[in-house]
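Worksheet for the structure shown next.
Numbers restart at 1 for each chain; the letters A, B, ... are given by sequence-line order, proteins then strands.
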Amino acid sequence: MQKYLIKDLASYEGQELTLLGWASNKRESKGLVFVVLRDGTGWCQCVISQDTVGEALFEEARKITLEASVSLTGLVVKDERQMGGFELQVNALEIIGESLDYPIAKKEHGVDFLMDKRHLWLRSQRQWAIMRIRNKIIFSIHEFFQSKGFVQMDAPLFTGNACEGTSNLFETDFYGDPAYLSQSGQLYGEAMAMTLGKIYTFGPTFRAEKSKTRRHLSEFWMIEPEMAFYDIFDNMDLIEDFLRSVVTAVLDSCEKELAIIGRDTEILKNIIKPFPRLTYDEAVRIIKGEQDVNGQNSIVSLENELKAVQERIGLVQAEIAEREAKIKTPGMKKGEIGFNQAQIDKLKQELSDLQEQERNIPQWLNSARNFEYGNDLGGSDETVITRLFDVPIMVYNWPHEVKAFYLKRDPENSKFARGVDVLAPEGYGEIVGGGERETNEQLLIEKINEHQLPMEAFEWYLDLRRYGTVPHAGFGLGLERLVTWLCKLPHVRESIPFPRMYGRLLP
RNA sequence: UCCUUCUUAGCUCAGCUGGUUAGAGCACAUGACUGUUAAUCAUGGGGUCCCUGGUUCGAGCCCAGGAGAGGGAGCCA
């Protein structure tokens, strides 16, 4: 049915063909209708002239509304002014499905409204670009692991026991018994690595955290590789290769998509540089401002940022006032009023974001200054430290008390566990958590008791130590957090087609 | 669970120390305009000011309670 795609128009210059798609925009003037058609592969302006199509079809063209589906037949003509470089000069058309009062207008909208209309919001150019980048990321993840001899092997989604406490698990009914939706496939990954050597899981993960932040989802996709005969340093090498490979793939093949969302790719190109590897001790000193990074101090740079935010607030407020006064001057043209009003709307949006930051930064400063050695890094601490770097950083050797029970105790210093977190730059924070696994059965049993976990549920896991245990390591990558960082999105909710988060189950 | 900001037209927002009939822009409808790219012009329709109760001669505005949303903390990928 659909023979020609907008992305291929260049090879049909001068020919007549039929495009099928949706009207993403329409402009009208006497005797002319301009329809911007999108077909999922691109956008193309189609011109419908009354002289060419005649009275009856022209009347039909005027009835095309935003997001109506249409079939347009015409001549492919080169036109430098158009975004795809081509336009269609229509000589026949048909409305396939009408669209009355399409709710998403060509203007700024609030998040709540857009989330309620997520099924339609996905049609916008920006969301189209994000979803294509997400797809590329997923594809290149498989490509990377498959090319290195990893086998994809998935963990179950129903689990019979709470592996890391029940408070953040979704409970379901499994033939009359309680079952929980998986919050990690990691333990199963270890079992699978003992049979195939190097494996990775790629599936959904569920966490019932009542978190309302820009980094949290209740349902997200996680990639969890697990490798036999790997120590924490092999693991860090792999993480670095892996992230570099994915980012490079996106830079190489998503140029158009990155341009659409306005992503500054210079920062992403730094991915070729080695990732700094900091021990927990170093990370803490940096956060507290006791150690500088590249001549930058965390506390000072955060204070400067606060000042910059406050200055910007002043500027934005002044501009809003100026434009509001302008609108009120008598005799101003209607079009100019509309334009200024649109600018004011944008500025107000920016202002409320800035004011949010103005409230948050002092809290973060406080938390950085008063950071207590031995604690886990909080969201704000991650933000503080990653702002000082332009590549992802790896923090390893954590106090064992704050990390999961299955992490290997550092043989050189038993205070530490061999866990590693990867923090994305530009303030994005944790995207990967992983480490080398404990192989000593006795230490594991102690830890399971310490965490007050039900021993019988871990008998199978302990078997992995009883029958030919080997050094092994792995990590978990949150897909949505990676997409969010690569696209520099303000919130993870835009990185997945239909986000599930606290307070959001529809659409 | 805690802290914080918010809720006025389909959408984005004004609405001054409480005072007649609540406004703008966009969108929509009708008409005018033969090349527009969120900027043409005119006219028009459109409101349970989140809900409940209170104070007051009078509440969109003040007070109390509730609901919903945004951001942050905790927790995490």
When you compare [N] with [M], how far apart are their [atom1] atoms, in angstrom units rounded to a whole number?
N: B:rG25; M: B:rA69; atom1: P; value: 32 Å
N: B:rC3; M: B:rG74; atom1: P; value: 16 Å
N: B:rC16; M: B:rC62; atom1: C1'; value: 15 Å
N: B:rC61; M: B:rU17; atom1: P; value: 14 Å
N: B:rG15; M: B:rU7; atom1: P; value: 10 Å
N: B:rG58; M: B:rU21; atom1: P; value: 14 Å

With a 3.5 Å cut-off and heavy atoms only, can you find an N or O donor on one side and an acceptor on the other between the side chain of [X] and the base of [N]?
X: A:Ser211; N: B:rG74; value: yes
X: A:Arg481; N: B:rC76; value: yes
X: A:Glu209; N: B:rG74; value: no
X: A:His216; N: B:rC76; value: yes

Report the distance from atom CD1 of A:Ile287 to atom CG of A:Asp381, rounding to the nearest 0.5 Å.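 Separation between the atoms: 5.0 Å.
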Please report the interatomic distance CD(A:Gln186) to CD(A:Glu190), rounded to the nearest 0.5 Å.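 With rounding to 0.5 Å, CD (A:Gln186) is 5.0 Å from CD (A:Glu190).
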Will you find, in the side chains of [X] and [Y], an N or O donor that is under 3.5 Å from an N or O acceptor?
X: A:Gln152; Y: A:Thr201; result: no
X: A:His216; Y: A:Tyr502; result: no
X: A:Asp353; Y: A:Gln355; result: no
X: A:Lys447; Y: A:His400; result: yes

Checking side-chain contact (heavy atoms from CB on, under 4.5 Å) against A:Trp398, which of A:Val420, A:Leu407, A:Asp376 comes through?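 For A:Trp398, the side-chain contact (heavy atoms from CB on, under 4.5 Å) test succeeds with only one of A:Val420, A:Leu407, A:Asp376, which is A:Asp376.
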Just call it for [X]: base, sugar-phosphate, or nothing, with non-hydrogen atoms closer than 4.0 Å on any strand.
X: A:Val432; answer: sugar-phosphate
X: A:Gln357; answer: nothing
X: A:Asn25; answer: nothing
X: A:Asp79; answer: base
X: A:Gln45; answer: base
X: A:Ser380; answer: sugar-phosphate

Nearest to the [X] side chain among [options], which nucleotide is it?
X: A:Phe339; options: B:rG72, B:rA77, B:rA39; result: B:rA39
X: A:Gln363; options: B:rG72, B:rC75, B:rA77; result: B:rG72
X: A:Leu32; options: B:rC28, B:rG35, B:rG72; result: B:rG35
X: A:Glu87; options: B:rU36, B:rG71, B:rC11; result: B:rU36
X: A:Trp364; options: B:rG72, B:rC76, B:rC11; result: B:rG72
X: A:Thr213; options: B:rG72, B:rG70, B:rC33; result: B:rG72
X: A:Leu217; options: B:rG35, B:rA77, B:rU34; result: B:rA77
X: A:Glu356; options: B:rU12, B:rU34, B:rG71; result: B:rG71
X: A:Gln82; options: B:rC76, B:rG35, B:rA69; result: B:rG35

What is the pairing partner of [N], taking Watson-Crick or G-U wobble pairs with both distances under 3.5 Å in any strand?
N: B:rA64; result: B:rU52
N: B:rU36; result: none
N: B:rA59; result: none
N: B:rU1; result: B:rA73
N: B:rU17; result: none
N: B:rU43; result: B:rA29

Over 12 non-hydrogen atoms of neighbours within 6.0 angstrom of CD in A:Glu98: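 Counting neighbours around CD of A:Glu98, 12 or fewer heavy atoms of other residues, nucleotides or ligands fall under 6.0 Å, so no.
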A:Lys488, NZ: over 12 other non-hydrogen atoms inside 6.0 angstrom: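 Atom NZ in A:Lys488 is not packed in, count stays at 12 or less.
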Within-4.5 Å side-chain heavy-atom neighbours: A:Asn235 and A:Met227: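 SC-SC contact between A:Asn235 and A:Met227 confirmed.
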Below 4.0 Å: OP1/OP2 of [N] and any side-chain N or O of [X]:
X: A:Lys210; N: B:rU1; value: yes
X: A:Lys212; N: B:rG72; value: no
X: A:Arg323; N: B:rG25; value: no
X: A:Arg214; N: B:rG72; value: yes

Starting at atom [atom1] of [X], determine the distance to atom [atom2] of [N], rounded to an integer number of angstrom.
X: A:Trp221; N: B:rA77; atom1: CH2; atom2: P; result: 18 Å
X: A:Ile320; N: B:rU12; atom1: CD1; atom2: P; result: 17 Å
X: A:Asn375; N: B:rG74; atom1: CG; atom2: C1'; result: 12 Å

Hey, is the main chain of A:Val36 close enough, under 3.5 Å, to the side chain of A:Ser24 for a donor-acceptor pair?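 Side chain of A:Ser24 to backbone of A:Val36: a pair is present.
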Can any side-chain N or O of A:Arg244 pair as donor or acceptor with the backbone N or O of A:Ile271 at less than 3.5 Å?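 Yes, because the side chain of A:Arg244 sits within donor-acceptor range (under 3.5 Å) of the backbone of A:Ile271.
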Using 30° and 60° as the class boundaries, would you call the ring planes of A:Tyr200 and A:Phe150 parallel, tilted or perpendicular?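 Perpendicular.
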For RNA chain B, which residues in residues 486-507 of chain A have a heavy atom at a distance below 4.0 Å?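 Those residues whose heavy atoms fall under 4.0 Å from RNA chain B, taken from residues 486-507 of chain A in numerical order, are A:His491, A:Arg493, A:Gly503.
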Kindly state which residues belonging to residues 340-351 of chain A come within less than 4.0 angstrom of RNA chain B, counting heavy atoms of the residue only, listed by number.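 The stretch gives A:Gln341, A:Asp345, A:Lys346, A:Lys348, A:Gln349 as the residues lying under 4.0 Å from the strand, ordered by number.
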